[in-house]
Enquirer: 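Mind looking over this structure? Questions follow.
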Amino acid sequence: MLLPSTRESLPHPSDTHVRGRRDNETVRITVGDLEPGRVGLFDPDAGTLLAEGRLAEFPSLVALFEHMRPRWVWSDTRRWAPLLLTAGVRIERCSDLRLSAAILEWSTDADTSRTEHPPRPSWLAPGPAELALDATHAAASIPGAAAAPATASSADRVALFELDELDDVADGGPREGRIGEASGAASDALGRATPHQVADEHDRQLAIVARSARPPRLRLLLAAESAGALIGAELTAAGVPWDSATHDRVLTDALGPRPRPGAKPARMEELAAHVRIELAAPTLNLDSQVELLRALRAAGIRVDSTARWELREHDHPAITPLLAYKRLARLLSANGWGWLETWVIGGRFRPDYVPGGTATGRWATSGGGALQLPKQVRTAVVADPGWQLVVADAAQLEPRVLAAMAGDLRMAEAARGRDIYQGIVDAGVVATRGEAKIALLGAMYGATTGESGRLLPRLARAFPAAMALVDRAAATGERGARVTTLLGRSSPLPPASWRATQARATEPDATAQDERRARSSARDWGRFTRNFVVQGTAAEWALCWMAGVRARLARLGELEDQSDASPPATAAGPVFARRPHLVYYLHDEIIVHTPAELADEVAVAVRESAADAGRLLFGEFPVDFPLDLSVVQSYGDTGD
DNA sequence: CAGTGTGGCGCG
DNA sequence: AAAGCGCGCCACACTG
C-alpha cells in the first residue's frame with residue numbers, strides 16, 4: 001500500500017519509550033496555536049504536549065518528530081504546510097481537518113442513530129451535521145452499499161459555532177455554497193485552534209467515520225483528500241518550471257512585438273482594420289459585444305451572439321479575421337505579457353491550488369488560471385537543465401470509472417487494453433469512434449437530444465449496468481436528494497430557490513409555466529448529480545494516483561539525495577531541489593519534474609501508482625487505467 | 001465610481 | 001445552435 005494513510009508504519013525504535021504504543025498503530029501529532037505566535041505539538045493518545053515554540057520554530061519542531069513518521073493532524077494544510085516547505089521540511093502525511101469536516105458534514109454514510117452519544121459539536125465544521133437526509137442515496141451510487149436507516153437527532157443539529165455571525169447555520173437549513181469554503185469567522189476559528197482542540201476535532205471525525213456504513217472507504221477518502229492538500233501546497237512550493245523567453249516568443253510570433261501600455265499589439269490592429277473594412281464599420285470596437293453584434297447584423301450576418309461557434313457557421317469575409325482577432329485577444333488577456341509578469345517569478349509559475357475546491361471534489365485554483373493553460377503556451381513549460389518532465393494523463397478516465405463503479409463487466413471489457421471508444425465500436429455497439437465518444441459523454445452528462453440522445457438507447461442496451469447507475473443518480477437529483485461518490489463524498493442539496501420552484505409546481509393554482517419551469521430545473525439538477533457520481537469518483541481515483549506518485553517519488557528522492565548527477569533545481573525550493581517532484585495537476589493529468597537520470601524510474605512509478613489507484617478503489621474488478629505518458633523536455637512536446 | 005452580472009472562452 | 005457536466009478569468013455592460 002502506497003497511500004500514506006493506508007500504510008501502517010512502525011515507530012522509530014528509539015520512540016518506543018515515548019509512549020507504550022502497539023507497533024502497528026500510527027502515531028498522530030496534532031498541531032495548533034497555544035497563544036498568538038506560539039505553536040504546540042500535542043500527542044493526544046499519551047495526553048502529552050510534545051513541544052512548543054515560536055511560529056518561526058515550527059518547522060524545526062516538526063523535523064524533530066518526522067522520523068517517527070507520524071500523521072500530522074492540523075486544521076488547514078493551506079496554513080501550515082507552506083511554513084514547512086519554505087523551511088525545507090517535508091512530511092510524509094497529514095490529516096486536514098477542514099477538508100475532512102467538509103466531507104463528513106454531509107456524509108450520509110454516518111449513522112448517528114446507532115450510538116448513544118452523538119458526535120460532539122465541532123468548532124471546525126461550518127454547518128450542522130446533517131447526517132441522515134437520504135437513506136437511499138448510498139445505494140443509488142455505491143454498488144452493494146446498504147442504506148443506513150439513520151435519522152439525525154436535534155442534538156446533532158446544533159449550530160457548531162457559537163458565533164452570532166453564523167445565523168444562517170443556526171437555522172438548521174441546508175448549507176449552500178462551495179465545499180470547503182470557510183466563512184471569515186470560521187477562518188478565524190481555524191487560526192486559533194489549540195492542539196488540544198485539534199485533537200478533539202480529530203477524535204470527533206474518527207468517531208463519525210467509525211460509525212459510518214463504510215469506514216474503510218471514508219477513511220481512504222479523507223486520507224486521499226489530505227494527501228491532496230499536501231500535494232497542492234507542494235505544487236505551489238515547487239512551481240511549474242517556466243521558460244519566459246519561450247513564452248515571449250509564442251506571444252511575439254502570434255501578436256507581434258509587445259506594445260506599449262494601452263496600445264493593441266500590431267497583429268490585432270491589422271485584423272481589426274480588416275474586420276472594420278469588411279463590415280463597413282470604420283469605428284467599430286471589436287472588444288464590445290454590443291457593438292460587434294450590431295455591426296455583424298448590419299452587414300447581413302444573421303447571428304444571435306458573437307460566440308465563435310456561431311460565427312463559424314457563416315460565410316462572410318469578415319468572419320475569418322474576426323475569429324483570428326478573438327483568438328489573439330484571448331491569448332493576450334489570459335496569458336499575455338501581463339500574466340507572465342504577474343505569475344512567473346524566478347522561472348516558476350506558482351498557481352494557488354484549492355484542493356477540494358469544487359462540489360465534485362475536483363480542485364480549483366485561485367489566480368493564474370492554472371487549470372486553463374492553453375495548449376498554445378504549454379511549450380513554455382520547460383524542464384531545468386539536466387532535468388526532464390514526465391507527463392502523464394489517464395486515458396478516458398471517467399468512462400472507466402463509470403464501468404468499474406457500476407460493475408459493468410462488458411463495458412470494462414470494451415475498455416481493457418485499448419481505447420474505450422474503439423472498444424465500443426469493436427463490440428458492435430456503434431459504427432464509429434466518434435459516435436462512441438459522443439454517446440458515452442452524453443450518457444455521463446445527461447444528453448437528451450441530438451446525435452448523442454439518439455445513440456443513448458444503443459449504449460443502454462450494450463451496457464445496462466453503467467447506464468442504470470447514472471440514470472439512478474439523475475433520478476435521485478431530480479427528487480432533490482443527495483448522491484454519493486464511491487468513497488463517500490456527497491453532493492450538495494439544491495438551493496432553496498430550487499425547492500421553491502418545485503413546490504410552486506405542486507400548488508393547486510400552478511400554471512403550465514410553473515410546471516415547465518419546475519420540470520426543467522429538476523432535470524438540470526439531475527444532470528448535475530448524474531455527472532457528480534462519475535466526476536467525483538474520477539477525482540478520487542486521481543487523488544489516490546497522485547498520492548501514490550508522491551510516496552514513490554519520495555523514495556526515489558531519498559536515493560537521489562545522495563547523488564549529484566544533475567544540477568539542482570534551486571528554483572524548486574529547498575525540499576525539491578534535488579528530488580523528482582510533482583509540478584502540475586489537471587484533473588486526470590500530472591507532470592513530474594525529475595533529474596533526467598531518474599526519468600525512467602519516475603515513469604514506472606507513475607504507471608504503478610495508476611494501477612494501485614485502480615485497486616484501491618475497485619479492488620480486483622477487471623478494469624484498467626492506462627496512461628498516455630511521455631518523457632519530454634517541454635510540455636509542448638507531448639504530441640497531443 | 002465600485003460592485004455585480006453576463007458573454008465568451010480556455011481547460012478537464 | 002449548443003445539444004450535455006465541472007471550473008476560473010477577462011472585458012464589457014449595467015446598476016446603484
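Each chain gets a letter, A, B and so on, in the order the sequences are listed, and its residues count up from 1. Heavy atoms only: backbone and side chains are in, while hydrogens, waters and symmetry mates are out.
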Enquirer: Nearest of B/dG12, C/dA11, C/dG6 to any side-chain atom of A/S333?
Expert: C/dA11
Enquirer: Nearest-nucleotide wise, let me know which of A/G367 and A/R362 is further upstream toward the 5' end of DNA chain C.
Expert: A/R362
Enquirer: Can you tell me if the side-chain N/O atoms of A/R327 get under 4.0 Å from OP1 or OP2 in B/dG10?
Expert: no
Enquirer: Quick one: look up who C/dG4 pairs with, Watson-Crick or G-U, both distances under 3.5 Å, and put none if it's unpaired.
Expert: none
Enquirer: Quickly work out the A/R330 CZ to B/dC9 P distance and round it to whole Å.
Expert: 9 Å
Enquirer: Whole-Å distance between B/dC9 C1' and A/L371 CG?
Expert: 15 Å
Enquirer: Can you pull out the residues from residues 259-269 of chain A that lie within a 4.0 Å heavy-atom distance of DNA chain C?
Expert: none
Enquirer: Is A/K264 paired with A/D287 through a side-chain N to carboxylate O contact shorter than 4.0 Å?
Expert: yes
Enquirer: Report the distance from atom CE of A/M444 to atom P of C/dG6, rounded to the nearest whole Å.
Expert: 14 Å
Enquirer: With the criterion being N/O to N/O and under 3.5 Å, what pairs connect the protein with nucleotides 2-4 of chain C, and how long is each?
Expert:
| residue | atom | partner | partner atom | Å |
| --- | --- | --- | --- | --- |
| C/dA3 | O3' | A/T449 | OG1 | 3.4 |
| C/dG4 | OP1 | A/T448 | N | 3.1 |
| C/dG4 | OP1 | A/T448 | OG1 | 2.2 |

Enquirer: Let me see the working for A/F532 and A/W525 under ring pair (Phe, Tyr, Trp, His ring centres under 6.0 Å), right down to the final yes or no.
Expert: CA-CA 10 Å; A/F532 181 97; A/W525 199 260; 9.5 Å; no
Enquirer: Pick from A/E540, A/E225, A/E398: which one makes a salt bridge (Lys or Arg N to Asp or Glu O under 4.0 Å) with A/R362?
Expert: A/E398
Enquirer: Whole angstrom is fine here: how far is it from CG in A/D393 over to P in B/dC11?
Expert: 14 Å
Enquirer: Using a strict 4.0 Å threshold on nitrogen-to-oxygen distance, state whether A/E291 and A/R294 make a salt bridge.
Expert: no
Enquirer: Please tell me whether A/Q289 and A/T306 have a donor and an acceptor in their side chains that are separated by less than 3.5 angstrom.
Expert: no
Enquirer: Between C/dC5, B/dC11, C/dA11, which nucleotide gets closest to the side-chain atoms of A/K375?
Expert: B/dC11
Enquirer: Report yes if at least one side-chain N or O of A/T306 is closer than 4.0 Å to OP1 or OP2 of B/dG8; otherwise report no.
Expert: yes
Enquirer: Quick check: does any side chain N or O of A/R258 sit under 3.5 Å from a backbone N or O of A/D248, one acting as donor and the other as acceptor?
Expert: no
Enquirer: Under 3.5 Å, side chain of A/S634 to main-chain N/O of A/T379, donor-acceptor pair present?
Expert: yes
Enquirer: Rounded to whole angstrom, note down the P distance from B/dT4 over to C/dG4.
Expert: 32 Å
Enquirer: For A/R327, look at atom CZ and say whether over 12 heavy atoms of other residues, nucleotides or ligands are found less than 6.0 Å away.
Expert: no
Enquirer: Rounded to whole angstroms, how far apart are CG on A/L331 and P on B/dC11?
Expert: 11 Å
Enquirer: Would you classify A/G368 as touching base, sugar-phosphate or nothing, given that sugar-phosphate means primed atoms plus P, OP1 and OP2, and contacts are heavy atoms under 4.0 Å?
Expert: sugar-phosphate
Enquirer: Would you mind telling me which of B/dG10, C/dC7, B/dC9 lies closest to the side-chain atoms of A/A359?
Expert: C/dC7
Enquirer: Give a yes or no answer on whether the side chain of A/T236 reaches the backbone of A/P351 with a donor-acceptor pair at less than 3.5 Å.
Expert: yes
Enquirer: Could you state the atom-to-atom distance from NE2 of A/H314 to C1' of C/dA1 in whole Å?
Expert: 10 Å
Enquirer: Would you say the side-chain atoms of A/D624 pair up with the backbone N or O of A/P626, donor to acceptor, closer than 3.5 Å?
Expert: no
Enquirer: What is the nucleic acid contact for A/R530, judged by heavy atoms within less than 4.0 Å: base, sugar-phosphate only, or nothing?
Expert: nothing
Enquirer: Starting at atom CD of A/E398, determine the distance to atom C1' of B/dG12, rounded to an integer number of angstrom.
Expert: 8 Å
Enquirer: Please tabulate the protein-to-nucleotide N/O contacts below 3.5 Å involving nucleotides 12-16 of chain C, giving atom names and distances.
Expert:
| residue | atom | partner | partner atom | Å |
| --- | --- | --- | --- | --- |
| C/dA13 | OP1 | A/S288 | OG | 2.5 |

Enquirer: Less than 4.0 angstrom from a charged side-chain N to a carboxylate O is my criterion; do A/R79 and A/D96 meet it?
Expert: no
Enquirer: Counting only N and O atoms by type, is there a donor-acceptor contact under 3.5 Å from the side chain of A/S520 to the main-chain atoms of A/R516?
Expert: no
Enquirer: Could you state the atom-to-atom distance from OH of A/Y353 to P of C/dC7 in whole Å?
Expert: 18 Å
Enquirer: Atom CZ of residue position A/R519 - does it have more than 12 heavy atoms of other residues, nucleotides or ligands inside 6.0 Å?
Expert: no
Enquirer: Need one value for A/A334: base, sugar-phosphate or nothing, where a base atom within 4.0 Å counts as base even if backbone is also close, heavy atoms only.
Expert: nothing
Enquirer: What integer number of Å spans the C1' atoms of B/dG7 and C/dA1?
Expert: 15 Å
